[in-house]
Amino acid sequence: MDWNKLGFQVVPTKTMYIARTDDELNWQPGEFRPYGMLEIHPASGVVNYGQSGFEGMKANRAVDKKIVLFRPQDNAKRMQQLAERFLMPPYPVDDFVNAIKKLVIENRKFIPPADKGSLYIRPVLAGWGPVLGVAPAKEYMFYAFTSPVGPYFKGGVRPINLLITDFHRAAPRGTGNVKGAGNYAASLYPLRMAKENGYDEVLYLDAREDRFAEEVGAANFFAILKSGLVVTPISESILPGITRRSIITLAKEHFEWEVEERDIDINEVLSEAVECFSTGTAAVVTPIGSVTYRGTRHEFSDGKPGEKTMALRDRLVGIQTKQYDDPYSWVVNVT
Ligand code: PLP
Ligand code: COI
C-alpha cells in the first residue's frame with residue numbers, strides 16, 4: 001500500500017462487523033466477516049425509504065505506538081439519537097464501542113503511519129427487512145467497516161473555498177441534527193454545483209430566514225471575529241459535531257479565548273470574520289480561504305490558513321495522537 005497516495009476513498013480492508021435484530025427487534029450477538037458484499041431484500045426499508053444513517057470515526061497511531069480512538073462513546077450515543085428519530089432499535093453504547101475496538105484490531109494492518117493518515121471507521125444502522133407501505137422495517141442491521149484515509153480535501157490541509165447556493169441542507173424540526181443518510185443524498189446536487197464552479201464545498205444557511213450560517217457540507221462552521229471572539233452556530237438543524245464540541249472546549253480552556261455559540265448572520269461573517277474554519281472527523285480542522293455569496297467572493301486571512309485556526313488544529317491533532325496531554329480523557333486506547 002502506498003501511504004503517500006491516500007485520499008478519502010473506499011479501500012477494502014480485512015473484516016467487517018455485522019449484527020442483526022431478531023423477530024422481537026432485539027440485537028443478536030454480532031460477528032466478524034471477511035470484508036465484502038452484503039445481500040439485501042429489494043423492498044428493504046433502507047433502499048426504499050432511506051431508513052438508515054451512519055457514524056464517522058478514526059483510529060490513529062499515537063506517538064507511543066498505541067492505537068487510539070477519539071471519544072468513541074460520543075459516536076455511539078449520537079447513533080442512538082439517529083435511531084430514535086428514524087424509529088430504529090438503538091445499538092447499545094457498550095456493544096458499539098467494543099465492536100469498533102475489535103474491528104480496529106482486526107484491521108490494524110490498514111492503519112496508516114502516524115503522519116500519513118488514519119483508519120476511518122464507518123458504523124451504519126439500517127432498516128434491512130422488507131416494507132411496502134411507509135413504515136419502519138421489521139429487521140435491522142448494524143454493521144461497521146474501515147478504510148485507510150488521508151486528507152478529506154484533495155491537496156491536503158489547505159484553505160477551502162466555499163459557495164453559498166440557493167439550497168438548504170436541513171430545516172428546523174427536520175433531520176439535520178442526526179446523521180441520516182438522506183441528508184447527504186440531498187446535499188449532492190448543491191455540492192455538484194459548487195464543484196462544477198471551482199469551489200470545494202457548500203456553506204449552508206438556515207432554512208427559516210436564509211441568513212444564518214449553519215454548516216459546511218459534512219462539517220461544522222466556525223468564525224473568529226476581528227474582536228478575537230470565536231463564534232459557531234447553534235441551531236436545531238445542524239449536526240452536533242464531536243470535533244465542534246472538542247474545539248469549543250480547547251478554545252475556551254486551553255487558549256482561554258472567548259467563545260459564543262449563537263446565531264451568526266452571514267453578513268457578520270463577511271464583514272467581521274478574520275479567520276473561518278470547518279470541523280469534523282473527516283475534515284479535522286480545515287481552514288476556509290473564501291466564501292462566495294451572491295456573486296461576491298470574500299477572502300479570509302488572505303486566503304492563507306489562519307494562525308488561530310492552525311493552533312486549534314495542532315492542539316486537537318496533538319491530543320488525538322498523544323503528542324500533548326489529554327486532560328479530558330478523550331483518547332481511548334484500543335489495545
Ligand atoms: N456536520 C455534518 C453534516 C457531518 O456530517 C459531520 C461529520 O460527521 C459533522 C458536522 C462533524 O461531526 P464530527 O465532528 O462529529 O465528525
Ligand atoms: C465524518 O466527518 O466522519 C463524516 O461523517 C463526514 C462524511 C460524510 C465524509
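Numbering of ligands and ligand atoms starts at 1, following listing order.
Distances from atom 4 (C) of ligand 2 to the heavy atoms of Tyr120, Tyr184, Tyr152 put Tyr120 nearest. For the residues Ala218, Gly280, Ala219, the heavy atom positioned nearest atom 6 (C) of ligand 2 is part of Ala218.
In terms of N/O distances under 3.5 Å, ligand 1 is approached by Thr243. At under 3.5 Å, not a single nitrogen or oxygen of Arg169, backbone or side chain, sits near a nitrogen or oxygen of ligand 1. The N/O atoms of Arg244, backbone and side chain alike, include none that comes under 3.5 Å of an N/O atom in ligand 1. Taking any N or O of Ala282, backbone or side chain, at least one lies under 3.5 Å from an N or O belonging to ligand 2.
For ligand 1 and Ala219, the ligand atoms under 4.0 Å from any heavy atom of the residue are 1 (N), 2 (C), 9 (C), 10 (C). Listed by number with element, the atoms of ligand 1 under 4.0 Å from a non-hydrogen atom of Thr279 are 11 (C). Heavy-atom contacts of Ile242 reach the following atoms of ligand 1: 13 (P), 14 (O), 15 (O) (cutoff under 4.0 Å). Each of the atoms 11 (C), 14 (O), 16 (O) of ligand 1 lies under 4.0 Å from some heavy atom of Gly280. Each of the following atoms of ligand 1 lies closer than 4.0 Å to a heavy atom of Gly217: 3 (C). Against a heavy-atom cut-off of under 4.0 Å, Thr281 is close to the following atoms of ligand 1: 13 (P), 14 (O), 16 (O). Distances below 4.0 Å separate heavy atoms of Lys179 from the following atoms of ligand 2: 4 (C), 5 (O). For ligand 2, the atoms sitting less than 4.0 Å from at least one non-hydrogen atom of Thr281 are 1 (C), 2 (O), 3 (O), numbered in the order shown with element in parentheses. Here is the list of ligand 1 atoms found below 4.0 Å of a heavy atom in Glu215: 1 (N), 2 (C), 3 (C), 10 (C). Proximity to Gly241 (heavy-atom distance under 4.0 Å) selects the following atoms of ligand 1: 12 (O), 13 (P), 14 (O), 15 (O).
With ring centers used as reference points, Phe153 lies 6.0 Å or more from Phe8. Annotation: Phe70 is in aromatic contact with Trp330 [ring centroid separation under 6.0 Å]. Taking the centre of each ring, Phe96 and Phe142 come in below the 6.0 Å mark. For Phe145 and Tyr17, the ring centers are positioned 6.0 Å apart or more.
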Check against side chain to side chain donor-acceptor pair (under 3.5 Å), Asn107 and Lys102 | CA-CA 9 Å; Asn107 293 282; Lys102 282 190 200 137; over 6 Å; no
Val291 and Leu270: side chain to side chain contact (heavy atoms under 4.5 Å, CB included), yes or no, with the steps?
-> CA-CA 8 Å; Val291 171; Leu270 303 179; 4.2 Å; yes
So Trp257 and Lys252, side chain to side chain contact (heavy atoms under 4.5 Å, CB included) or not? Walk me through it.
-> CA-CA 5 Å; Trp257 296 334; Lys252 281 185 183 167; over 6 Å; no
From CA spacing to verdict: side chain to side chain donor-acceptor pair (under 3.5 Å), Asn267, Tyr293 | CA-CA 9 Å; Asn267 288 308; Tyr293 181 50; 5.2 Å; no
Show the numbers, then the answer: is there a side chain to side chain contact (heavy atoms under 4.5 Å, CB included) between Gln73 and Lys77?
-> CA-CA 6 Å; Gln73 293 235 348; Lys77 287 183 196 151; 4.0 Å; yes
Can you check ring pair (Phe, Tyr, Trp, His ring centres under 6.0 Å) on Phe300 and Phe277, steps first, answer last?
-> CA-CA 10 Å; Phe300 306 101; Phe277 58 93; over 10 Å; no
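In terms of protein heavy-atom proximity, atom 9 (C) of ligand 1 is closest to Ala218 O, 3.6 Å. Nearest non-hydrogen protein atom to atom 7 (C) of ligand 2 is Arg122 NH2, 3.9 Å. Ranking protein heavy atoms by distance to atom 5 (O) of ligand 1, first place goes to Tyr184 OH, 2.5 Å.
Closest non-hydrogen pair, Pro287 versus Met310, comes out as CG-SD, 4.2 Å. Minimum interatomic distance between Ala283 and Thr279 (heavy atoms only, all atoms of both residues): CB-C, 4.5 Å.
Contact check for Arg61 versus Thr321: no side-chain heavy atoms found under the 4.5 Å cut-off.
Residue contacts with ligand 1, taken as heavy atom pairs separated by less than 4.0 Å, do not involve Ala283 at all. Neither the backbone nor the side chain of Glu55 comes within contact range of ligand 2; no heavy atom lies under 4.0 Å.
Within the structure, the closest approach of Lys179 to ligand 1 falls below 4.0 Å when heavy atoms are considered.
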